[in-house]
Amino acid sequence: MPEEMSIFPRIALKPEVHDYLRNVFINKEVLAAVSQGEAEQRFQRLLSCLSHPPALTCVRASTHLASLEEIQHRLGEELKQQQKCDSQSEDIAVTILPHPHIPDVLLLPVIGPRPVVQLSSEVIVGAQCGSAVLRGAHVFAPGILATPKFMKTGDAVSVFSDLEGKCTRGNKDFKGKRVFVGNGVAEMDRADIFCSDEPVKGVGVRMVEPLYQSPSFDGVLPSLAFLQNLPSVVVGHVLGPRPGERILDMCAAPGGKTCHIAALMGGQGEVVALDKIRGKVERIRQNAKALHLDCIKAHCFNSIKAVCTDQVQDTEGPPFPPQSFDRVLLDAPCSGLGQRPSMVCTWNLKEICSYQPLQRKLFHTAERLLKRGGVLVYSTCTVTLAENEEQVAWALNTFPCLTLQPQEPHIGAEGMLGAGLSPEQLRLLQRFSPELVWSAAEARGEDDSPTEQPESPTPLAHRANKDTIGFFIAKFLKS
C-alpha cells in the first residue's frame, strides 16, 4: 500500500484558525496539569483524527416501534440483501452489536483503511461528498466535480476528494491537491452528469472498494434505523424526557434529536421543534410522520425571538410565554470543528468566533422559557473552549438560578481545562474527545481495531464511546 494511502493528511485549516485552536489546547490551565509536549501531542492527534472517520458506525434504533433485537435482526437481513443485490461489491460479513449501556443503539465496526489499489481513471468529488464516502455512502451525482473525458457507465474509477475546493465543475484533468477515498463503478456517463439541462440526481459512482468499509444505509429500514453519531444519541438520554412533559428543541433541524426525544417519551406529551429554515422544518414533520410520532409540533421560527411578553399569547405556536417548558434542548449552532471525517475547514477565524454571541442569545431565551425545576441541556459538535466550557462559566455567572447536574449516561471525558471551572464542575460536563485515545497507528489499522469478527461487545463499546466525533454536553437545573 503506497504511503500516501496509509493515513490521510491532518485537517487543513487556515493558519489563523490553526493557531487559535492550538492556543485553546495549550492554554495555561492545561499546561499547569500536563507538560507542553503532552499538550502539543494531544493537539496534533486532534488534527489527525478529525480527517478520519470514527471507528464505528452508530445506528439509533426506533425502539418505540420494535424491540432492539428485532431491529438488529432486520437490519442484518437488509444489509445481507443489499450485498447480494450489489454484485460488484465485496462480500464482507457485517457485524451488528447492541451498545451495552445505551438501550437504543446498535454498533457496526468500520473496517479500514484497507489496501485498495488506485486506478488510472479518476473522479474528483467535493470535500463534503468525500467525507460521506468515508462513512459508507456512494457518490451522488451532485457531488461530482470532475471525471475522465470519456467516462461511460460501467467504467471502473478511483474517487478522490478535493482538499482545497479548487476543482471546477466539469474539469477533465484536475491536478490539484486531493486524497484517495476508494474505487467505484460509474453509474452515469460524463455527459449525463455535466451536460444535462435538468439538475442531475441519483448515484453517479457506486463504491465497490471504499478505503473504509461501512454499509450504505440509503433506503435501509428508514423508520426503524437512524444513522446518528453516538454523542447525539447520548444528548437525548441526558435530557431525560418523561411521558406527559412539554419539551422544546430550539435548533431542531434535521430532527434526529427531536424524534429521539419524542420516542423516549413514548409519544406521550409534546415536543416543540423550532428552526429558521422552512425546508428543514418540513423535513422534521416528514420524519415525525414516518416514525409515528404525533407529539412533535414543528414550527418555522427564529428561536432567539421565541419568548413573548404577552401572557395571553396562543401557546400552540411560537412565541411562547416564559416558563412554558419542562425541559429545553439547546443543541446550538456552532463552528462544527468536531465533525468527522473532515479533511478541510475553509472558514476564517472571524467565522469560527462568530458563534459565541449567537449561542448566548439563544441561551437567554432557553432560560426564560424553562420552568423552575426544569432541565436545560446545552450541546455543540465543536471542540473550542469559547463555545463549550466558557459558555458554561458564563451561564453559571449570568443565571444564578442554574446549577450543573450529573449526566446519565456519562461515557465521554470530563470538561476541558481553560475556562476557570472547578474540578467538580468539569466532572459534571461531558466532552467527547477522540484525540485522547486516537493515534496515527489506528488510522493505519496497526492496533487492535475492530475487525470483521470482534471478540466481545465490551471492548467494541469502549472504542465506540471514545472514538467519536468531537462533542460537548452540559446539563443544568433551574431552581
Side-chain angles (χ1 to χ4, degrees), residues 63-64 103-104 232-253 255-275 281 284-285 287-288 291-299 301-332 359 361-379 391-392 395-396 398-410 428-430 473-479:
T63 51
H64 67 292
D104 51 2
S232 297
V233 182
V234 171
V235 165
H237 288 285
V238 169
L239 185 66
R242 299 173 182 170
E245 292 183 328
R246 193 179 193 209
I247 296 178
L248 174 64
D249 187 352
M250 292 185 68
C251 306
K257 297 180 185 71
T258 305
C259 292
H260 188 207
I261 292 165
L264 291 174
M265 297 166 66
Q268 300 176 46
E270 182 181 6
V271 181
V272 175
L274 303 182
D275 201 89
V281 171
I284 294 171
R285 290 171 180 154
N287 288 340
L291 295 171
H292 308 287
L293 294 169
D294 299 331
C295 65
I296 293 175
K297 311 297 180 187
H299 304 278
F301 200 81
N302 181 352
S303 286
I304 292 174
K305 303 176 181 178
V307 187
C308 69
T309 54
D310 184 0
Q311 292 295 326
V312 298
Q313 164 74 27
D314 180 5
T315 57
E316 286 300 309
F320 304 101
Q323 300 193 50
S324 288
F325 295 93
D326 299 290
R327 298 174 196 265
V328 175
L329 172 60
L330 174 52
D331 184 49
Q359 292 160 354
K361 290 178 182 177
L362 289 164
F363 212 110
H364 273 283
T365 301
E367 187 277 331
R368 291 185 65 194
L369 288 173
L370 184 64
K371 295 178 181 177
R372 295 197 179 277
V375 168
L376 165 61
V377 169
Y378 172 82
S379 62
Q391 295 294 52
V392 171
L396 293 174
T398 305
F399 307 105
C401 59
L402 295 182
T403 53
L404 285 173
Q405 297 296 299
Q407 301 182 33
E408 181 59 39
H410 195 298
L428 291 171
L429 303 177
Q430 187 162 197
I473 309 173
K475 181 178 182 179
F476 300 88
L477 178 70
K478 182 177 179 179
S479 59

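The minimum heavy-atom distance linking Gly373 with Leu477 is given by the pair O-CD1, 3.5 Å. Shown here for Tyr378 and Ala332, the closest heavy-atom pair between the two residues is CE1-CB, 3.8 Å. Across all their heavy atoms, Arg327 and Arg242 have their closest contact at NH2-NE, 3.3 Å. Closest approach of Lys475 to Val377, counting heavy atoms only: CG-CG2, 4.1 Å. Taking all atoms of both residues into account, the shortest heavy-atom contact from Gly255 to Ile284 is CA-CG1, 3.9 Å. Closest approach of Cys295 and Gly267 over heavy atoms only: CB-O, 3.5 Å.
The backbone N or O of Val234 lies less than 3.5 Å from no partner atom in the side chain of Gln407, so there is not a single donor-acceptor pair. With hydrogens and angles ignored, the 3.5 Å screen pairs no side-chain donor or acceptor of Ser303 with any backbone N or O of Cys251. Judged by distance alone, the side chain of Glu245 and the main-chain N or O of Gly269 form no donor-acceptor pair under 3.5 Å. Using modelled atom types, one side-chain atom of Asp326 and one backbone atom of Arg246 make a donor-acceptor pair closer than 3.5 Å. Judged by distance alone, with hydrogens and angles left aside, the side-chain atoms of Arg368 form no donor-acceptor pair with the main-chain N or O of Gln323 at under 3.5 Å. Ser479 contributes a side-chain N or O that, together with a main-chain N or O of Cys401, makes up a donor-acceptor pair within less than 3.5 Å.
Between Asp331 and Lys257, at least one side-chain nitrogen of the basic residue sits less than 4.0 Å from a carboxylate oxygen of the acidic one, meeting the salt-bridge criterion. Between Glu367 and Lys478 there is a salt bridge, with a side-chain nitrogen of the basic residue lying less than 4.0 Å from a carboxylate oxygen of the acidic one.
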Exercise. For Met250 and Thr365, run side-chain contact (heavy atoms from CB on, under 4.5 Å): C-alpha distance rounded to whole Å, both residues' side-chain angles, the deciding distance at 0.1 Å, then the answer.
Key: CA-CA 9 Å; Met250 292 185 68; Thr365 301; 3.9 Å; yes

Practice problem: Evaluate the side-chain contact (heavy atoms from CB on, under 4.5 Å) criterion for residues Leu429 and Val392: first the C-alpha distance (whole Å), next the side-chain angles of each, then the deciding distance (0.1 Å), finally the verdict. | Solution: CA-CA 9 Å; Leu429 303 177; Val392 171; 4.0 Å; yes

Exercise. Before giving the answer on side-chain contact (heavy atoms from CB on, under 4.5 Å), spell out for His364 and Val307 the whole-Å C-alpha distance, their side-chain angles and the decisive distance to 0.1 Å.
Key: CA-CA 10 Å; His364 273 283; Val307 187; over 6 Å; no

Practice problem: Go through Cys259 and Ile296 one step at a time and tell me if the side-chain contact (heavy atoms from CB on, under 4.5 Å) criterion holds. | Solution: CA-CA 8 Å; Cys259 292; Ile296 293 175; 4.0 Å; yes

Practice problem: Before giving the answer on side-chain hydrogen bond (donor to acceptor under 3.5 Å, both in side chains), spell out for Asp104 and Thr63 the whole-Å C-alpha distance, their side-chain angles and the decisive distance to 0.1 Å. | Solution: CA-CA 6 Å; Asp104 51 2; Thr63 51; 4.8 Å; no

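Asp294 pairs by the side chain to side chain contact (heavy atoms under 4.5 Å, CB included) definition with nothing, not counting sequence neighbours. In terms of the ring pair (Phe, Tyr, Trp, His ring centres under 6.0 Å) criterion, residue partners of His237 (sequence neighbours excluded) are, by chain and number, His260.
The NZ atom of Lys361 sits 10.0 Å away from atom NZ of Lys305, with the distance rounded to the nearest 0.5 Å. Here the straight-line distance linking atom CG of Leu248 with atom OG of Ser324 works out to 9.0 Å at 0.5 Å rounding. Atom CG of residue Leu274 and atom NZ of residue Lys297 lie 14.0 Å apart, to the nearest 0.5 angstrom. Considering CZ of Phe320 and CG of Leu369, their distance stands at 7.5 Å, rounded to 0.5 Å. If you take CG on Leu376 and CD on Gln405, they are separated by 11.0 Å, rounding to the nearest 0.5 Å. Atom CG of Asp275 is separated from atom OG1 of Thr258 by 9.0 Å, given to the nearest 0.5 angstrom.
Between Phe363 and Phe476, the ring centre distance stays below 6.0 Å.
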